[in-house]
Structures are given as structure tokens and as C-alpha cells.
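Here's the structure, in C-alpha cells; my notes come after.
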Amino acid sequence: MSGRAFVFGDNIDTDVLAPGYLMKLPADELARHCLAAVDPAFASTVQPGDFVVAGANFGLGSSREQAAVSLKTLGVAAVIATGFARIFYRNALNLGLPALFCDAAGSIEAGDRLEVDPVAGQIINHTRNQTLAARPIPAHLMDMVRAGGLVAQLKARGMAA
Amino acid sequence: MLPDCAKWYKDRPFDQRGRHRPLVGLNRDCFDTVTAPQTLAQKLLSRAAGGASVMPGDIVTVEVDLIMAHDSSGPRRWKPQLEQLGARIKDPSRIVIVSDHYVPAVDAESAAILKLTRDFAHENGIARFHDMQGICHAILPEKGYLRPGIFVAGGDSHTPHAGAFGCYAAGFGATDMLGIVVTGQTWTIVPQTIRVEIDGTLGDGVAAKDIMLVLCRELGMDNAFKAIEFGGSCVRAMSMAERMVLANMTAELGGETGLIEPDATTVAHIRAHGGDPGADPLGWTADPGAPYERVVRLDAGTLEPHVAAPHSPANSAPVSAHLGTKVDQAYIGACVGAKLEDLQMAARVLAGRKVATGTRLLVAPSSSATTAQAAADGTLAVLMEAGATLLPSGCGACAGMGAGLLADGETCISSTNRNFKGRMGHAGASVYLGSPYTVAAAAVAGRIEDPRPLLQPLRRAA
Ligand code: SF4
């Protein structure tokens with residue numbers, strides 16, 4: 001997967017990703033407010049296939065799944081961060097949104113063109129001619145991500161009664 | 001002595017081995033897979049994963065023994081997804097559903113959620129359904145549902161509460177929970193463990209809540225994917241009610257689960273509540289020399305009552321830093337801070353005193369059984385005579401849903417676990433967190449006050 005980087009700082013919380021007071025909106029409308037508190041132009045400029053890059057403890061706060069749903073609705077291909085809050089990390093993978101731990105995420109700058117291999121744990125920054133290591137997403141979780149998330153995977157596995 | 005294991009772990013925090021980790025390829029200098037000392041989290045996950053030995057960083061598929069959900073996160077989220085999937089609940093006997101967030105209904109919307117929850121429990125044969133009997137985390141131990149060694153998955157971030165009983169208990173989002181009710185399984189990354197060793201004796205008027213407010217500040221709230229093990233002589237001396245505070249607020253530390261090794265106190269509590277402690281409850285201990293990421297030590301004897309100032313539990317300081325801050329509302333409630341023992345703490349401050357003019361004291365006991373016990377032992381009478389208002393047993397103002405919400409510019413001191421902006425009402429309100437002693441002292445003084453000079457002996461009805 002390849003696309004542009006949108007870069008954010010540490011401690012991006014679930015209220016910034018999916019504001020609590022707007023939670024009653026339909027998913028596509030809620031997504032238009034995603035990250036608006038830190039970058040009002042984000043939702044209108046991000047293209048399907050682009051990446052969100054951030055610092056520590058991305059997605060902290062509530063267990064609300066809408067935080068990951070909004071990124072996915074906007075077509076974000078993967079989130080790359082130095083760290084994730086646990087429930088956000090699980091929610092993202094469950095929804096088919098790859099989340100990659102990368103200690104060197106701080107070297108990526110806004111607008112850089114990235115090529116990301118979540119299975120190998122490799123991020124190529126074409127703009128800066130750098131290759132960064134990320135923790136690979138383990139194979140059986142990547143199966144779920146590829147299937148489109150947990151619900152799609154359950155369906156494919158014939159969990160339907 | 002094992003060489004440099006901490007480094008070995010550190011270099012492989014997200015290793016890719018599955019549950020049946022091969023016996024080859026290990027760093028033999030560090031590990032003998034049979035005899036290497038293990039943390040309690042490792043042992044619990046090893047059991048839940050079917051017996052294979054596990055190490056921090058391993059991703060394991062675990063069988064979930066107890067599935068807990070409430071009216072906000074459970075059936076109303078599962079029902080449409082189950083229909084979309086054409087699937088059903090795998091094993092209703094493993095599920096506990098508790099209606100606590102929207103109780104009692106205050107509008108047509110909350111009434112509909114409660115009805116849906118009731119109907120769902122009935123239609124799916126979920127016998128362990130508790131409607132308006134108390135907060136989910138209080139209900140599990142009260143009904144004797146917890147047994148040392150089991151894996152508990154809850155659709156609520158404070159599920160680690162059950163770790164006080166030596167259960168591996170963790171909170172999950174809605175889709176995760178759906179997967180769990182359909183398959184009976186989930187995955188987790190075997191966590192690194194931080195051991196918190198608490199020795200010494202808490203002073204009178206200082207409580208487990210104060211310990212957690214200190215830890216939120218010292219350890220921070222970014223301990224994702226970590227287990228926190230609480231031990232030491234102070235923890236061993238604690239009642240189950242106080243141990244539950246430590247495990248509950250592991251959620252504020254950001255941890256996956258908070259664990260306390262079971263002992264005679266644990267077993268007695270389980271038996272007294274009609275539960276089954278299992279064949280070897282005392283076997284669930286960490287090994288001496290277990291590979292902790294770090295060990296943090298706390299001397300309980302030196303601890304003062306603490307309060308966390310707005311808007312974070314980590315923003316804590318000794319109560320002396322906030323003396324005199326005027327309080328509009330004092331709130332005793334939530335899974336963490338409205339158990340019988342918490343009401344008794346408040347009663348020791350409130351006995352023979354009145355809530356200050358201009359301040360209101362609201363008490364929402366954690367369960368209806370708690371209310372009944374507090375009525376029977378005289379605690380409730382003390383609170384009522386002091387001028388407290390009794391609220392229903394449920395999440396109430398803690399979840400920002402029930403009675404007791406705050407207006408713009410108001411200040412509240414609360415025995416709950418979170419004081420994020422806007423959680424208890426208007427975003428312009430200020431919420432301080434403290435122990436039930438400290439909340440009661442503020443109710444009497446009308447401002448934040450050290451509870452220790454106000455303490456009286458606990459009076460019980462004859
Ligand atoms: S009382 Fe508060 S913290 Fe406890 S489960 Fe309810 S909303 Fe969550």
C-alpha cells in the first residue's frame with residue numbers, strides 16, 4: 001500500500017478522533033469531524049490510501065469504536081504510531097484498519113510518500129529515501145485485517161448459525 | 001540467576017509466536033521453558049490458551065470463561081451485528097448481563113435500551129441477567145461469579161476490577177465482544193508485568209483509593225498492553241473491597257489487567273457469596289524471580305489522603321494542596337467507590353455532623369444489596385441524618401447518564417475513578433477525585449478538607 005502521510009503528535013484521544021457530542025451522527029458525517037480539533041482540513045484533504053502517522057498513546061480514552069471507524073470511513077490505509085492505547089489498537093484491527101508500531105514514526109513528515117508492508121513490518125519513505133522498521137502485524141491478525149475485519153472474518157469462516 | 005532476561009524481553013516485545021510456541025529457537029541462556037519463573041499474568045494466559053507456556057510478546061488465542069456486558073455496551077450493540085452475521089451466541093451460560101448504565105430509565109430512549117436488554121437476555125436464555133441490582137463490576141463478586149484463574153472478558157473498561165480475585169480480566173470494544181459471544185474466544189498479547197509492591201500499614205483515614213491516585217501520577221496512564229500485579233504486606237492485609245479499588249483503577253493506568261494473588265481473604269469472600277473458589281485457588285501466584293518489566297515500591301505508612309484535580313486522575317496531590325477549594329457537590333458512587341466499606345468510611349466522618357449549607361451530598365450505593373446491608377448495619381441512617389440524598393444503585397452521574405450531573409462552573413468532589421472533562425455533566429464543571437473519607441470531609445466542610453481530624457469510630461447498629 002502507498003500514499004501520503006498526515007502527521008500528528010502524541011496522545012491523540014478518542015474525542016479528537018470521534019467527538020463525543022457528535023456520536024449520534026451517522027458514520028460518514030461523524031468522520032468529517034475526525035481529527036478536526038488538531039487539523040481542521042484533515043477530513044477534506046485525506047485521500048483513500050493515505051496514512052495517519054502519530055506519536056505515543058494514539059487513541060487513548062474511551063473504548064468507542066467510532067474512533068477507528070472514522071479513519072476507515074475516510075479511507076485511511078493504516079495508522080503508524082510510536083504507541084497505541086490498547087482498546088484502540090484492538091478496535092482498529094477488528095475493523096480491518098492496520099495499526100503499526102514504529103519507533104521511528106517521528107522521522108516521517110507531513111506529505112511524505114510512504115509505501116507500507118504491514119506483514120513485513122517495513123515502511124519505505126520515498127520522499128526521504130529511508131526505510132523504517134515497524135513491528136510486523138502477526139500473521140493471524142493480518143488474516144483478519146485482510147478479510148476486512150473480525151465480523152467479515154467470522155462470516156467467511158461460516159460462523160453464521 | 002538468569003542472565004539479562006529483561007533485555008531479552010525488551011528486544012522482543014511483539015514477537016510473532018502463536019499459542020503453540022515451538023521449543024526450539026528460544027534464547028536458551030535465558031529460558032528453560034519448563035522451569036523459568038513466571039508472572040501471574042503468564043500463568044493465567046497459559047491456562048486460558050490451553051496449557052502452552054507463554055511469554056511476554058506472544059500472541060495467544062484464549063478461551064473466555066466469563067463474558068460480562070452491560071446495557072450500554074452489550075445487547076444493543078450485539079443484536080444488529082448478530083443479525084447482520086446471521087450468527088448466535090455460542091454459550092449463554094458463560095454470559096452475565098447487567099443493566100446498570102441507564103437505570104432507572106429517565107426518558108423513552110433509556111427505557112427502550114433497558115427493554116431491549118431485558119428481551120435479549122430472555123430470548124437468548126441468559127439466566128445470569130441482573131436488572132437494576134447494581135453496577136456490573138460490583139455484581140460479579142457479589143453473586144459469587146468470580147473464581148481465581150479464569151479469563152473474564154467485559155464490555156467495559158473497568159473490567160480489570162475482577163482481577164482482585166486472581167482472574168485475568170480485561171475490557172474490550174464492541175466488535176471484540178461480538179466475536180467473543182459468537183466464538184467463545186479472543187486473542188491477546190501476553191503482557192509485560194509491572195509489580196507494585198505495597199508494604200507498611202495505611203494510616204487511619206487513608207484508603208486504597210489514595211494509593212491509586214498516587215500510582216496514576218507516578219506510573220502515568222499510558223501502560224497499554226501491560227499487566228499490573230499488586231502485592232506486599234499492605235495488599236495482603238486489605239479487605240476484598242479495598243483490593244477491588246486497586247484492580248479497578250488499573251484501567252486508569254491504561255493497563256490490560258490488574259492482578260492480586262488469591263489468599264485466604266479471597267477464598268473466604270468467594271465462599272461467603274455462594275461462589276466456588278475452584279480446586280487450587282491459592283496456586284495462582286507469581287513465581288519468585290518472575291521477570292517483571294519493573295518493580296515499583298510504595299510505603300503505605302507514609303501515604304497521605306490524596307485528591308486528583310481536574311481533569312485527570314494523574315493530576316493528583318496530597319489533599320493539603322487543595323485545602324479550602326469550595327465544593328458544590330460531593331458524590332459517593334461508582335463501582336470503585338460506593339461499596340459497603342466505602343459508605344462506612346463516609347459514615348465515620350459524617351456521624352453526628354451535617355452536610356454544609358450550600359453543598360449537596362449524593363450517595364449512589366454500588367448495588368441494592370449494598371443499600372440493604374448499609375440499612376441493616378446503621379450506616380445508611382448516619383448518612384441520611386447528615387443530610388445525604390440517596391440515589392439509585394447504578395452508574396448514575398459517573399457515566400454522565402444518571403442523576404447528579406453538574407452545571408457549568410460547578411465543582412464536585414467524587415469517589416469515582418475518572419474526572420475527564422465533561423464526564424459528569426457540563427464540560428465547564430470541575431471534578432476532584434478522592435477517597436470516601438475525603439469526599440465526606442468535603443461534604444461536611446463545604447470545601448476540600450483533610451478527613452483525618454474528623455474521623456470517629458465506626459458505629460454499628462446493635
Ligand atoms: S460506575 Fe462509572 S466507572 Fe464503574 S462501570 Fe459505571 S460508568 Fe464505568
Side-chain angles (χ1 to χ4, degrees), chain A residues 10-11 13-15 19-21 24 55-69 81-97 100-101 103 119 121 134-144 149-161, chain B residues 12-19 57-61 72-73 77 81-90 109 154-159 170-180 182-183 186-189 191 220-226 251 254-257 400 418 420-423 427:
Chain A
D10 294 339
N11 296 314
D13 66 49
T14 50
D15 269 295
Y21 70 100
K24 285 181 187 152
N57 212 7
F58 187 87
L60 80 153
S62 99
S63 63
R64 75 182 62 136
E65 225 159 36
Q66 287 85 343
V69 171
T82 54
F84 292 93
R86 172 184 162 271
I87 296 182
F88 177 87
Y89 181 76
R90 297 188 64 104
N91 287 347
L93 297 187
N94 283 334
L95 292 164
L97 175 68
L100 282 160
F101 285 86
D103 292 340
V119 181
R135 290 179 201 157
I137 295 182
H140 88 275
L141 293 181
M142 202 55 214
D143 287 347
M144 177 175 79
L150 181 60
V151 173
Q153 189 189 37
L154 291 174
K155 198 156 200 162
R157 273 203 218 146
M159 278 330 269
Chain B
R12 292 162 180 79
F14 279 80
D15 213 6
Q16 282 192 71
R17 283 186 302 268
R19 61 189 278 202
D58 286 354
I59 291 187
V60 291
T61 299
S72 184
S73 73
R77 308 292 305 274
Q81 285 180 305
L82 285 170
E83 280 160 13
Q84 185 203 340
L85 202 56
R88 33 175 98 131
I89 285 179
K90 186 164 181 234
E109 211 178 9
D156 188 273
S157 61
H158 286 98
T159 305
F172 294 89
T175 300
D176 256 334
M177 288 303 288
L178 176 81
I180 292 167
V182 171
T183 65
T186 191
W187 59 272
T188 194
I189 304 167
M221 298 175 71
D222 184 10
N223 297 288
F225 305 99
K226 306 251 169 82
E256 162 137 330
T257 193
R418 284 183 177 158
F420 297 145
K421 207 178 174 73
R423 181 170 170 92

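By convention in this document, chain letters (A, B, ...) are assigned in the order of the sequence lines, proteins followed by strands, and residues within each chain are numbered from 1. Remember, predicted model here, so these are calculated numbers, not experimental data.
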Spatial distance of atom [atom1] ([X]) from atom [atom2] ([Y]) [nearest 0.5 Å]:
| X | Y | atom1 | atom2 | answer |
| --- | --- | --- | --- | --- |
| A:Asn57 | B:Met221 | CG | CE | 9.0 Å |
| B:Thr183 | A:Arg157 | OG1 | CZ | 7.5 Å |
| A:Leu154 | B:Leu178 | CG | CG | 6.5 Å |
| A:Arg90 | B:Trp187 | CZ | CH2 | 4.5 Å |

Given 3.5 Å as the limit, does a donor-acceptor pair link the side chain of A:Lys155 with the main chain of B:Gly86, or not?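 Looks like no, no N/O pair under 3.5 Å.
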
For A:Arg86 and B:Gly171, indicate whether the former's side chain and the latter's backbone hold a donor-acceptor pair under 3.5 Å. yes

Heavy-atom contact with chain B under 4.5 Å, split by part of A:Met142: neither

Which atoms of A:Ile87 approach chain B - backbone, side chain, both or neither, heavy atom under 4.5 Å: side chain

Winner by heavy-atom pair count (cut-off under 4.5 Å) against chain A, out of B:Thr188, B:Asp222, B:Asp156, B:Leu82: B:Asp222

Can you confirm whether B:Phe172 sits close enough to A:Asn94 that some side-chain heavy atom of one is under 4.5 Å from a side-chain heavy atom of the other? no

Atom group of B:Gln81 that falls short of 4.5 Å from chain A, counting heavy atoms: side chain

Qualifying residues under side chain to side chain contact (heavy atoms under 4.5 Å, CB included), relative to A:Glu65, sequence neighbours excluded: A:Asn91, A:Leu95, B:Arg77, B:Ala174, B:Thr175

Measure across B:Ala224 and A:Ala85 and return the closest heavy-atom pair with its distance rounded to 0.1 Å. CB-CA, 4.2 Å

Distance flag, aromatic centroids of A:Tyr89 and B:Phe225, threshold under 6.0 Å: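 Distance test on ring centres: under 6.0 Å, yes.
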
